[in-house]
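Working notes for the structure below.
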Amino acid sequence: MRKIIHVDMDAFFASVEQHDNPKLKGKPVIVGGLSGRGVVSTCSYEARKYGIHSAMPMYMAKTLCPHGVFLPVRFERYREVSKKVFDILYEITNIVEPLSIDEAYLDVTDIDKNPEDIAKEIKEKVYMTTGLTVSAGVSYNKFLAKIASDWNKPDGLMVISEDMVPDILRPLSVSKVYGIGEKSSERLKKIGIEKVDDLLKLSEEELTNIFGKYGKEIYDRIRGIDLRPVETYRETKSIGKETTLKKDTDDIDLLSKYLKRFSKIISSELKEERLYCRTVTVKIKTSHFTVHTKSRTLNEYIDSPEDIYNVATAILKESKISQPVRLIGLSVSNLSRNKIKQLSLFDSEIRKNIKIDKIVYEVNKKLGGYFVKKGSDI
Ligand code: TTP
Ligand code: MG
């Protein structure tokens, strides 16, 4: 039997705001887009009493709770806190699947400790490090662990063991079942199915009629069967941005400005995915529609906007553009969850012939820490 933990920060953006400004503690705090057409990102539990929730139009939230504290979103700050939380999770195990900025699964099957104690340890460490509370759910698969973390939010800790299933699921709304979205819930409601208890009465065939090929999965899931593994790596091969310029240009300073902007965006995306990159590629399309791409693979992993930008501008300055530029793009690849350089790229070659390791090293040294993509110089 596996040991899975699901953790989810409580009212994340709003809690960060309350932590950073303690005067806001205990108050209805609503974070989101404050402009006319803005929506609520999240709100504190105090604000939820007024019926406010994520994705609600901001004007509606203001009507429901006129005396609330309305704040804009500070992504950078939330990312910083999120990183601290994930650092704690990665200290426990490498088998972490980030689901969003404030949520993750951990597979702690191979850790020789009671999973409930591990969950307690996470809660304590998160509180000590960030001053914020996180809810945790412990069970033997992802579906049940997530149901458990949601059980007594905020600051919850719940264990769902095999003997509690399916009774614990019976009273839940069908929308809590992974795989049943808003539309399906609506459809089910129309035929009088609102709770998991109602779903349990349907045969596998009936569920297949409703959900197609997912019918069997849902049949199993509501009986506590979910074999999905905790996936540590989502296949992101590269992250990039490009733009067609309003006017063709050969102004290097202007092109550098675009690279600076792209570097910031790419860096944020890397940080959000907790990834580092080692290859930076600049793409240029000239006014004659010829496309040039030039890459540089670094000796170490980077994720900061400054580092990405420095490599990108170095590439740009080296590429002697003879025609005005029509499109400029920047992308990063060779992604990894670990900052520490892994030998994976050359691993097999090293195993085959240890000498190659030395050549790589020398080439790196010669190029001042850089070497050309795909080891083409080797
Ligand atoms: P959630 O974990 O869904 O919500 P939450 O942490 O605010 O509250 P809960 O205690 O119920 O977990 O989302 C995490 C953050 O993601 C949330 O603080 C703000 C952001 N978010 C949005 O910006 N828009 C949305 O629609 C949702 C659902 C979340
Ligand atoms: Mg949350």
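Whatever order the structure lists them in is the order used to number ligands and atoms, beginning at 1.
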ask   = Heavy-atom distance to atom 6 (O) of ligand 1: which of L99, V40, V73, D102 wins?
value =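 Result: the heavy atom closest to atom 6 (O) of ligand 1 is in D102.
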query = Out of G156, S100, A55, S41, whose heavy atom is nearest to atom 25 (C) of ligand 1?
reply =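 Considering heavy atoms of G156, S100, A55, S41, the nearest to atom 25 (C) of ligand 1 sits in S41.
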ask   = What protein heavy atom sits nearest atom 8 (O) of ligand 1, and how far away is it?
value =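 So the nearest neighbour among protein heavy atoms is R48 NH2, 2.9 Å.
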query = What residue and heavy atom of the protein are closest to atom 18 (O) of ligand 1, and at what distance?
reply =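 Protein heavy atom at minimum distance: F13 N, 3.0 Å.
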task = Say whether A14, considering both its backbone and side-chain N or O atoms, lies within less than 3.5 Å of an N or O atom on ligand 1.
result =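 N/O-N/O distance below 3.5 Å does not exist for this pair.
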ask   = Short N/O distance, under 3.5 Å, between F12 and ligand 1?
value =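 N/O-N/O distance below 3.5 Å exists for this pair.
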query = Just checking, R278 and Y301: is the charged tip under 6.0 Å from the six-membered ring centre and within 45° of the axis?
reply =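 The answer is yes, since R278 meets both limits relative to Y301.
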ask   = Does R261 count as lying over the ring of Y309, i.e. NZ or CZ under 6.0 Å from the six-ring centre, within 45 degrees of the axis?
value =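 No.
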The Mg ion (ligand 2) to nearest N/O/S of [X] below 2.8 Å:
| X | result |
| --- | --- |
| S135 | no |
| D102 | yes |
| E103 | no |

Per-atom contacts of ligand 1 with [X], taking only distances under 4.0 Å to non-hydrogen atoms:
| X | answer |
| --- | --- |
| D8 | 2 (O), 12 (O) |
| S54 | 25 (C), 26 (O), 27 (C), 28 (C) |
| T42 | 5 (P), 7 (O), 17 (C), 18 (O), 19 (C) |

message = Would M9 count as a contact residue for ligand 1, given that I'm defining contact as a non-hydrogen atom of the residue lying under 4.0 Å from a ligand atom?
response =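 It does; at least one heavy atom falls under 4.0 Å.
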message = Less than 4.0 Å is my threshold; does some heavy atom of P154 fall inside it relative to ligand 1?
response =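 The answer is no: ligand 1 sits nowhere under 4.0 Å from a heavy atom of P154.
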inquiry  = For N/O/S atoms only: which one belongs to D8 and is nearest the Mg ion (ligand 2)?
reply    =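 Of the nitrogen, oxygen and sulfur atoms in D8, the Mg ion (ligand 2) lies nearest to OD1.
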query = Is the closest protein non-hydrogen atom to atom 3 (O) of ligand 1 under 4.0 Å?
reply =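 When distances to the protein are checked, atom 3 (O) of ligand 1 has no heavy atom within 4.0 Å.
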Is [Y] close to [X] at the side-chain level, that is, under 4.5 Å between some pair of heavy atoms?
| X | Y | value |
| --- | --- | --- |
| V40 | V31 | no |
| D107 | K142 | no |
| Y105 | I4 | yes |

inquiry  = Please determine whether side-chain hydrogen bond (donor to acceptor under 3.5 Å, both in side chains) holds for the pair D307 and S304, giving the CA-CA distance in whole Å, both sets of side-chain angles, and the decisive distance to 0.1 Å.
reply    = CA-CA 5 Å; D307 286 345; S304 76; 3.3 Å; yes
request  = Give me the ring orientation class for Y258 and F262: parallel if the planes are under 30° apart, tilted from 30 to 60°, perpendicular past 60°.
outcome  =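 The rings of Y258 and F262 sit tilted, inter-plane angle from 30° to 60°.
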ask   = Is V165 reachable from Y178 through a run of I, L, V, M, F, W or Y residues, each pair having side-chain heavy atoms under 4.5 Å apart?
value =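 Linked, Y178 and V165 end up in one cluster.
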Would you tell me whether [X] and [Y] have side-chain atoms, one donor and one acceptor, within less than 3.5 Å of each other?
| X | Y | value |
| --- | --- | --- |
| S267 | S263 | no |
| S295 | T281 | yes |
| S203 | E206 | yes |

What do we get for [X] next to ligand 1 when only non-hydrogen atoms under 4.0 Å count, side chain, backbone, both or neither?
| X | value |
| --- | --- |
| K153 | side chain |
| Y45 | side chain |
| M56 | neither |

Spatial distance of atom CD (E91) from atom CD1 (I122) [nearest 0.5 Å] =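 Between E91 CD and I122 CD1, I get 10.5 Å after rounding to 0.5 Å.
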